[in-house]
Amino acid sequence: MLFAPAPPQTNLHLMQTSQAADFRALKLATGPYQRASNLRSIGQLATSFGPFLAICAFLYAVPDLPLWAAAPLWVVAAAFVVRIFIIQHDCGHGSFFASPRANRLTGAVCSLATFTPYAAWRRQHAGHHANWNNLDRRTSGADIYSDCLTVAEYRALSPMERFKYRLLRHPAVSLLLIPPLVFLLLYRVPFDTPKTWRKERRSVYLTDLGMAAVILALGLTLGFGRVAAVQLPIICIAAVIGVWLFSVQHRFEHTLWARATDWSYGEASIAGSSHLRLPRLLRWLTGNIGLHHVHHLNPRIPNYRLQECHDTLADLQRAPELSLWEAVAGSRYALWDEDLKRMVSFRAAGRPIPA
């Protein structure tokens with residue numbers, strides 16, 4: 001049992017050592033589930049790209065479709081873009097295929113549908129997996145979805161700094177406005193990719209060239225206005241859904257943030273990542289990303305084995321659970337209270353939301 005309360009007079013160092021051993025044993029127990037299946041992976045590619053391309057083809061074939069009929073198709077197509085992004089994400093962890101080359105090629109192809117440069121995003125995302133929910137190794141601020149201030153840090157800001165911090169994290173801005181801008185504009189340039197990451201910076205421009213070739217071919221055939229009318233709503237909706245899914249996995253009331261001296265990979269995986277309970281269809285569409293605690297404990301497990309791993313190993317079932325409604329409502333949790341050991345809202349931190 002990983003989260004049993006410590007008995008009185010227990011030596012803290014011995015307790016932490018014992019827990020670390022438990023988490024190492026738990027990660028070892030997940031090993032059998034990290035085997036990739038070429039058949040299942042190819043099947044996922046077919047059931048992701050197939051419906052996505054079919055919906056796009058239908059929207060191109062029926063240009064006068066009324067908004068009430070087109071909008072649901074945009075949403076469904078966007079859901080398949082999210083599913084393609086999960087495949088790209090698995091490729092970045094080397095888990096989708098056993099072959100590194102197959103992962104690289106598949107990830108690059110997926111990037112044309114997700115508008116996300118594969119190599120650059122893969123390396124940035126690896127940094128997230130190394131440091132998530134570590135208060136002493138937070139990001140520089142480029143990623144507002146994997147970072148947060150403590151209540152004490154927030155209260156130390158000037159009124160203008162507090163206003164700017166809150167404005168960027170208001171759900172209308174962080175979850176509706178910024179995601180499409182990131183995928184459409186910021187990912188077209190290596191805006192947060194260090195100059196020493198030459199291969200990753202090159203991948204940004206190669207992705208741009210590939211996307212430009214696809215758009216040019218479609219535009220010359222069907223008209224650029226028609227291409228924009230089909231693809232822009234889809235990628236914007238997909239960006240909103242995808243960013244929300246990733247952001248809620250660590251930012252909920254009873255997550256765990258810790259200082260570097262107390263942070264451990266295993267505990268951060270199980271207590272600092274959520275189990276987002278989704279209906280079966282949404283679990284399928286999102287590649288089981290709701291089992292985020294399992295993914296963080298062992299990123300080499302392909303998405304189609306996460307559920308089996310979770311259901312088999314009882315200790316994985318102790319992770320914090322979120323219902324879909326709790327995840328939606330959880331956007332108000334923005335600051336880590338080091339005294340209460342939980343996330344709180346701006347209002348709870350003692351500062352009313354600016355008008």
Side-chain angles (χ1 to χ4, degrees), residues 2-3 5-6 10-13 15-16 19-20 23 124-125 127-179 182 192 243-244 246-276 292-293 296 319-322 326-355:
L2 296 178
F3 302 115
T10 296
N11 181 280
L12 179 60
H13 174 71
M15 183 179 68
Q16 290 175 333
Q19 287 181 338
F23 284 121
Q124 295 280 10
H125 186 62
H128 164 70
H129 271 262
N131 301 310
W132 83 100
N133 290 32
N134 186 326
L135 289 170
D136 293 320
R137 300 188 68 180
R138 284 171 285 177
T139 66
S140 61
D143 180 5
I144 65 173
Y145 304 100
S146 299
D147 193 10
C148 76
L149 291 179
T150 67
V151 170
E153 290 167 341
Y154 173 74
R155 288 173 174 170
L157 297 177
S158 69
M160 179 54 67
E161 288 172 330
R162 288 197 298 269
F163 174 79
K164 290 189 293 185
Y165 186 83
R166 298 179 68 161
L167 179 64
L168 278 176
R169 286 155 181 80
H170 191 283
V173 176
S174 64
L175 297 178
L176 295 179
L177 178 61
I178 293 179
V182 170
D192 62 347
V243 168
W244 176 79
F246 275 91
S247 68
V248 300
Q249 305 290 348
H250 301 291
R251 297 167 65 88
F252 52 95
E253 182 178 12
H254 295 292
T255 187
L256 174 70
W257 284 79
R259 294 293 176 182
T261 52
D262 299 320
W263 189 92
S264 73
Y265 181 90
E267 189 173 20
S269 297
I270 304 301
S273 307
S274 68
H275 172 197
L276 176 59
H292 213 60
H293 59 300
H296 264 274
E321 291 190 357
L322 296 178
E326 287 171 331
V328 171
S331 61
R332 67 180 181 271
Y333 298 113
L335 302 167
W336 176 252
D337 191 312
E338 291 191 271
D339 296 324
L340 298 177
K341 301 300 181 186
R342 62 182 178 88
M343 293 197 74
V344 299
S345 66
F346 289 116
R347 189 178 297 278
R351 296 290 188 269
I353 298 175

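- Taking each heavy atom of Asp337 and Leu340 in turn, the nearest pair found is OD1-N, 2.9 Å.
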Go through the steps to decide whether Trp132 and Tyr265 satisfy the test ring pair (Phe, Tyr, Trp, His ring centres under 6.0 Å), and finish with yes or no. CA-CA 9 Å; Trp132 83 100; Tyr265 181 90; 5.5 Å; yes
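- Contact check for Leu276 versus His292: no side-chain heavy atoms found under the 4.5 Å cut-off.
- Using a 4.5 Å heavy-atom cutoff, the side chains of Arg251 and Tyr333 are not in contact.
- Between the side chain of Gln124 and the backbone N or O of Asp192 there is at least one donor-acceptor pair closer than 3.5 Å.
- Checked by atom type and distance alone, the side chain of Thr255 never pairs as donor or acceptor with a backbone atom of Phe252 at under 3.5 Å.
- Closest non-hydrogen pair, Pro320 versus Ala271, comes out as CG-O, 3.8 Å.
- Rounding to the nearest 0.5 Å places CZ of Arg138 at 6.5 Å from CG of Leu149.
- Side-chain contact between Cys148 and Tyr165 is present, with at least one heavy-atom pair separated by less than 4.5 Å.
- Of the possible polar contacts, none joining the Arg342 side chain to the Glu253 backbone as a donor-acceptor pair under 3.5 Å is found.
- Residues Trp263 and Leu135 fail the side-chain proximity criterion, which asks for heavy atoms closer than 4.5 Å.
- When each of His296, His254, His293 is checked for a ring-ring contact (aromatic ring centres under 6.0 Å, His included) with His275, only His293 meets the rule.
- The salt bridge (charged side-chain N to carboxylate O under 4.0 Å, His left out) search around Asp136 returns Arg259, not counting sequence neighbours.
- With contacts defined as side-chain heavy-atom distances shorter than 4.5 Å, the pair Lys341/Trp257 does not qualify.
- The two atoms that bring Ala349 and Leu335 nearest to each other are CB-CD1, 3.6 Å, heavy atoms only.
- Side-chain contact between Val182 and Val243 is absent, with no heavy-atom pair separated by less than 4.5 Å.
- Between the CH2 atom in Trp244 and the CG atom in Leu176 there is a gap of 12.5 Å [rounded to 0.5 Å].
- In terms of heavy atoms, Phe23 sits closest to Ile270 at CE2-CG1, 3.7 Å.
- Proximity of Ile178 to Leu168: side-chain heavy atoms (C-beta onward) are separated by under 4.5 Å at one or more points.
- The shortest side-chain heavy-atom distance between His250 and Ser274 does not fall under the 4.5 Å cut-off.
- The two residues Asp262 and Glu267 have their closest heavy-atom pair at O-OE1, 4.3 Å.
- Heavy atoms only, all atoms of each residue included: Ala327 and Val248 are closest at O-CG1, 3.8 Å.
- The CZ atom of Arg169 sits 8.5 Å away from atom OG of Ser174, with the distance rounded to the nearest 0.5 Å.
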